[in-house]
Amino acid sequence: MEINVTARLPKTIENACQIIFLFSDGKLKGAARKIDAESNNAIKKLFSTDDFSATCGQTLVLHNLSGTQAERVLLVGLGDRAIARTSHWIKAAAAAAATLVDTPARVGLTDCLTSSPITALGISEQAMHLARELENATYVFGLHPRQAPKASSTLEQFYCTADKATLEAASKGAYQGIAIAKGMSVAKDLGNLAPNICTPTYLADKAIAMADSCDSLSTTILDEADMESLGMHALLAVSHGSRQPATLIVMNYQGKKRKGSPIILVGKGVTFDTGGISIKPSSAMDEMKFDMCGAASVFGAMQSMIELAPDINVMGIVAAAENMPDGNAARPGDVVTSMSGQSIEILNTDAEGRLVLCDALTYAEQFKPAAVIDIATLTGACVVALGDVASAVIGNDQDTIDALLAASSTSGDHCWQLPLWDEYQTQLDSNFADVANIGGAKAGAITAACFLSRFTTSLNWAHLDVAGTAWKSGADKGATGRPVPLLVQFILDR
Ligand code: BES
Ligand code: MN
Ligand code: ZN
């Protein structure tokens, strides 16, 4: 699908769906007013009969109205005009996009930027979210062989009109939205792939393929022997029980200026987490293929960088390993020495994410980064605390955290800060090593971050726990592409 932000629609449009966004006050502007006037008040009548009251995200498809070239008119509710902000717009745009791709329309159109502007957002952001949601709605996972492949959308063109004065801002916003959605698709594809396919080696090959396809990205892969010589025994302890060798993937995106210290994204890439010897219960264990979604979001953000080509340096480091039980697997009680020199008592082999991340974070130090953000499906405790709505952000640098919180409001990709107070650190005391890899039953998301903080003392660092946000369970099971919007917004804001 091609998204066009344009001052004027093409003269003839066939097989189209016109989207009309309406606030619950029922005031009609632009195309809505014209259609209503020429169709015997078809829209106003709906409001008076309560068939459509424009609650946020409500949709209704009407056919064969006058006053438009489009065969279909899709009404979408925006709710209360006075309180409308990012989350409402995203909800409405997502509902519009989902309904649109379910129609057989080939063309979509809307004049929402002029007739239903969300004042709290600005034209560029409104266009960004609309484009992102449209692009997202057309996503279908198609990387596994299937005899009955899922139908893809018939949508080919989308036109969004804008005034001359706002055309440039709107186009720029839409372009950004498309780039973010493309990054999200990369993250979703990697997350959704079966764990027998998406191995640490597969992820390394993916990075190589991405680097081969463009000039702005280069990549280096460290294998287990390289990691051995760097002393990454925490990371290696996780992959010991697996037939799949671990990989450490370093991706380097350089904008035109090629100067300045990089922002580094570090992703947890546990391609399958059985828990190891501290094995998990078998119910829903398949979902632990999503334990590489932090890594997938790093790939996704890199893809968005390639699309947007900003003048900034961004590195992605992915610590990829599979956590399996085996005769060679790490045992509870094992003590390993990390690349930082700190020894770790592995009290629970299921707390493996922090083990792969700590060595990747130490590895990041040499690049003298301006900021480091790690992204990880790290704890079930985070899901208990924040559900599937917000990712947790915890770190040692309040400026980086504040920038992430700001990017969270702009992108609508929620994150919420949890504290990293010293009082939590004693939960990681070990009688046999510098630090234990678990902190007991309380405050699990925080003690996991406390563990990581032991390896980031020389970095401006923030950690994102995306255990609740990176994928959905149940009937909609699948990767969400989060937190790619948050990461890309954070980078572009700099
Ligand atoms: N990958 C899991 C975290 C997870 C669990 C994410 C369920 C989403 C849903 C992680 O490796 C893990 O197993 N964490 C343990 C840590 C514990 C042993 C301290 C957890 O959260 O139970
Ligand atoms: Mn685990
Ligand atoms: Zn895990």
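The structure displayed is predicted, hence computed values, not measured ones. Just follow the structure's listing: the first ligand is 1, and inside any ligand the first atom is 1.
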*Are Lys268 and ligand 1 in contact, using a heavy-atom cut-off of under 4.0 Å?*
yes
_Quick check: of its N, O or S atoms, which one does Glu352 have closest to the Mn ion (ligand 2)?_
OE1
*Considering only NZ, NE, NH1 and NH2 on the basic side and carboxylate oxygens on the acidic side, decide whether Lys477 and Asp286 come within less than 4.0 Å.*
yes
*Among the heavy atoms of Arg354, does any lie under 4.0 Å from an atom of ligand 1?*
yes
_Glu322 versus Ser242, side-chain donor and acceptor atoms under 3.5 Å_ = yes
*Heavy atom of the protein closest to atom 2 (C) of ligand 1 (residue, atom name, distance)*: Asp273 OD2, 3.6 Å
*atom 22 (O) of ligand 1 within contact range, any protein heavy atom under 4.0 Å*: no
*Whether Phe367 and Tyr363 hold their rings parallel, tilted or perpendicular, with breakpoints at 30° and 60°*: perpendicular
_Which of the numbered atoms in ligand 1 are under 4.0 angstrom from any heavy atom belonging to Asn348?_
18 (C)
*Report the part of Glu287 (side chain from C-beta onward, or backbone N, CA, C, O) that has a heavy atom under 4.0 Å from ligand 1; answer both or neither where that applies.*
neither
*Which word best sums up how the rings of Tyr424 and Trp421 line up, parallel for under 30°, tilted for 30 to 60°, or perpendicular for over 60°?*
parallel
*Judged by modelled atom types alone, do Thr362 and Ser340 share a side-chain donor-acceptor pair under 3.5 Å?*
no
_Please list the nearest protein heavy atom to atom 8 (C) of ligand 1 with its residue and the distance rounded to 0.1 Å._
Trp471 CH2, 3.3 Å
_Can you confirm if the NZ or CZ of Lys188 lies within 45° of the ring axis of Tyr139 and under 6.0 Å from the centre of its six-membered ring?_
yes
*Taking atom NZ of Lys289 as the centre, report whether more than 12 heavy atoms of other residues, nucleotides or ligands fall under 6.0 Å from it.*
yes
*Quick one: look up the protein heavy atom nearest atom 14 (N) of ligand 1 and list residue, atom name and how far away it is.*
Leu378 O, 3.4 Å
*Which residues and atoms, counting only protein N, O or S, are under 2.8 Å from the Zn ion (ligand 3)?*
Lys268 NZ, Asp273 OD2, Asp291 OD2, Glu352 OE2
_Under 4.0 Å to a heavy atom of Asp291 - the qualifying atoms of ligand 1, by number_ = 1 (N), 11 (O)
*Residue and atom name of the nearest protein heavy atom (relative to atom 7 (C) of ligand 1), distance in Å to one decimal*: Met288 CE, 3.6 Å
*asked:* Any donor-acceptor pair under 3.5 Å linking the side-chain atoms of Thr400 with those of Asn460?
replied: no
_So that I can check it, does any N, O or S atom in Asp273 come closer than 2.8 Å to the Mn ion (ligand 2)?_
yes
*Over 60° means perpendicular and under 30° means parallel, so classify the ring planes of Trp89 and Phe21, tilted if in between.*
tilted
*asked:* Can you tell me how far apart CZ (Arg243) and OG1 (Thr199) are? Round to the nearest 0.5 Å.
replied: 14.5 Å
*Hey, does Asp350 come in under 3.5 Å of ligand 1, counting only N/O atoms on both sides?*
yes
*Output yes when the distance from some N or O of ligand 1 to some N or O of Gly380 is under 3.5 Å, and no in every other case.*
yes
_Proximity flag Phe451 to ligand 1, non-hydrogen atoms under 4.0 Å_ = no
*asked:* Tell me whether Tyr175 at atom OH has more than 12 heavy atoms from other residues, nucleotides or ligands lying less than 6.0 Å away.
replied: no
*Should you measure from each heavy atom of Ala467, which atoms of ligand 1 turn up under 4.0 Å away?*
6 (C), 8 (C)
*Does atom NZ of Lys280 have more than 12 heavy-atom neighbours from other groups under 6.0 Å away?*
yes
*Can an N or O of Thr379 be found at a distance shorter than 3.5 Å from an N or O of ligand 1?*
no
*Check each atom of ligand 1 against the heavy atoms of Glu352 and keep those under 4.0 Å away; list them by number with element.*
11 (O)
*Donor-acceptor contact below 3.5 Å, side chain Asn192 vs main chain Ala479*: yes
_At less than 4.0 angstrom from any non-hydrogen atom of Ile438, what atoms of ligand 1 do you find?_
19 (C)
_Between Ser453 and Asn396, do the side chains contain a donor N or O and an acceptor N or O under 3.5 Å apart?_
no
*So Lys268 and Asp374, salt bridge (charged side-chain N to carboxylate O under 4.0 Å, His left out) or not? Walk me through it.*
CA-CA 8 Å; Lys268 170 179 172 182; Asp374 79 75; over 6 Å; no
